[in-house]
Asker: 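For reference, the structure I am asking about is given below.
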Amino acid sequence: MDKKNDMSPIILVVEDVQETREGIKKLLLVDGYLIALARDEQDGIESARRQRPDLILVSLAGIPREVILSARRIRESAAIGEDVPVVVFCIDDIAPGDEVAIGENVHLTRPDNFNQLRSLLARLLQRIPKAA
């Protein structure tokens with residue numbers, strides 16, 4: 001993927017379940033995003049360093065605080081600035097204040113459907129998704 005030749009935003013998807021990773025990729029490609037995939041925190045750090053994503057989506061198994069800390073380590077280790085939104089998906093409830101762990105622009109959510117995710121990403125990237 002060469003961002004210089006394509007001005008589409010790059011979304012880094014850090015997801016530990018291969019089927020879910022591939023499913024998210026297929027769905028987001030429809031909206032014209034470029035997708036980088038990572039299977040775990042370390043892979044996410046390496047991908048973020050290489051790809052310099054416009055948004056990072058972290059959906060890893062574990063308790064919310066651990067997922068949030070993984071997202072924080074990805075941001076810090078890859079030297080990703082606060083201007084890059086981070087969306088963290090957690091199955092369990094998020095304790096108030098946990099979002100501070102990775103930066104002001106983090107969005108903690110588990111959307112009820114894919115259209116909610118599309119809307120959130122479009123808003124964060126300030127673009128309107130194509131009609132599906």
Side-chain angles (χ1 to χ4, degrees):
M1 156 180 7
D2 186 356
K3 191 171 180 178
K4 293 176 195 154
N5 294 331
D6 188 341
M7 295 311 295
S8 296
I10 296 174
I11 297 176
L12 171 59
V13 177
V14 184
E15 165 60 59
D16 46 3
V17 177
Q18 181 178 352
E19 295 81 15
T20 304
R21 231 182 5 256
E22 291 297 325
I24 292 171
K25 176 183 177 180
K26 286 179 186 175
L27 293 169
L28 293 177
L29 284 172
V30 170
D31 287 335
Y33 299 117
L34 297 175
I35 308 300
L37 299 176
R39 65 185 174 283
D40 57 29
E41 180 182 319
Q42 188 58 44
D43 194 23
I45 291 167
E46 292 166 11
S47 293
R49 284 181 180 149
R50 278 191 318 273
Q51 302 296 333
R52 309 310 299 172
D54 298 294
L55 183 140
I56 301 172
L57 177 67
V58 180
S59 177
L60 297 170
I63 61 171
R65 183 164 289 281
E66 289 303 315
V67 178
I68 290 167
L69 289 174
S70 287
R72 179 181 185 184
R73 288 187 292 261
I74 291 168
R75 180 193 290 280
E76 290 174 354
S77 297
I80 300 294
E82 291 286 325
D83 58 322
V84 174
V86 175
V87 176
V88 177
F89 283 178
C90 295
I91 293 172
D92 297 325
D93 288 334
I94 311 289
D98 276 355
E99 66 276 8
V100 174
I102 53 176
E104 196 171 305
N105 64 2
V106 67
H107 299 268
L108 303 161
T109 185
R110 174 69 79 181
D112 292 331
N113 62 58
F114 186 66
N115 286 332
Q116 286 179 331
L117 174 61
R118 289 175 71 212
S119 294
L120 173 64
L121 297 181
R123 182 174 52 82
L124 292 173
L125 293 167
Q126 298 179 344
R127 57 178 299 216
I128 300 170
K130 298 175 187 174

Asker: Could you check R72 against V86 for side-chain contact (heavy atoms from CB on, under 4.5 Å), going step by step and ending with a plain yes or no?
Answerer: CA-CA 9 Å; R72 179 181 185 184; V86 175; over 6 Å; no

Asker: Which atom names give the shortest non-hydrogen contact between I10 and A36, and what distance separates them?
Answerer: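 The answer is CG2-CB, 4.5 Å.
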
Asker: Has R21 got more than 12 heavy atoms of other residues, nucleotides or ligands less than 6.0 Å from its CZ?
Answerer: yes

Asker: Calculate, to the nearest 0.5 Å, the distance between atoms CG and CG belonging to L60 and L69 respectively.
Answerer: 11.5 Å

Asker: Rounded at 0.5 Å granularity, tell me how far CZ in R49 sits from CD1 in I80.
Answerer: 9.5 Å

Asker: Quick one: does any side-chain atom of S70 pair with a main-chain N or O of E41 as donor and acceptor, under 3.5 Å?
Answerer: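 Checking the backbone N and O of E41 against the side chain of S70, no donor-acceptor pair under 3.5 Å is found.
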
Asker: Write down the atom of L37, the atom of S47, and the distance for their closest heavy-atom approach.
Answerer: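 Heavy atoms only, the tightest pair is O-OG, 3.6 Å.
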
Asker: What pair of heavy atoms forms the shortest contact from G44 to V14, and how long is it?
Answerer: CA-CG2, 4.1 Å

Asker: For R73 and I45, indicate whether the former's side chain and the latter's backbone hold a donor-acceptor pair under 3.5 Å.
Answerer: no

Asker: Test your reading of the model: is there a side-chain donor-acceptor pair from D16 to the backbone of D40, 3.5 Å cut-off?
Answerer: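 Such a contact is absent between D16 side chain and D40 backbone.
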
Asker: Looking at every non-hydrogen atom in both residues, tell me the closest pair between L34 and S8 and how far apart they are.
Answerer: CD1-O, 3.8 Å

Asker: For a quick test of reading the model, state the closest non-hydrogen atom pair linking P53 to A48 and the distance between them.
Answerer: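 Between these two residues, the closest heavy atoms are CD-O, 3.6 Å.
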
Asker: Look up atom CG in L27 and atom NZ in K25, then write down how far apart they are to the nearest 0.5 Å.
Answerer: 12.5 Å

Asker: When you look at V17 and R39, which way does the side-chain contact (heavy atoms from CB on, under 4.5 Å) test go after all the steps?
Answerer: CA-CA 7 Å; V17 177; R39 65 185 174 283; over 6 Å; no

Asker: Can you measure from CG (L57) to CD1 (I24) and round to the nearest 0.5 angstrom?
Answerer: 5.5 Å

Asker: Nearest 0.5 Å, please: how far is CG in L121 from OH in Y33?
Answerer: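 If we round to the nearest 0.5 Å, Y33:OH and L121:CG are 5.5 Å apart.
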
Asker: I need the I11 CD1 to Q51 CD distance, nearest 0.5 Å.
Answerer: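 Rounded to the nearest 0.5 Å, the CD1-CD separation comes out at 13.0 Å.
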
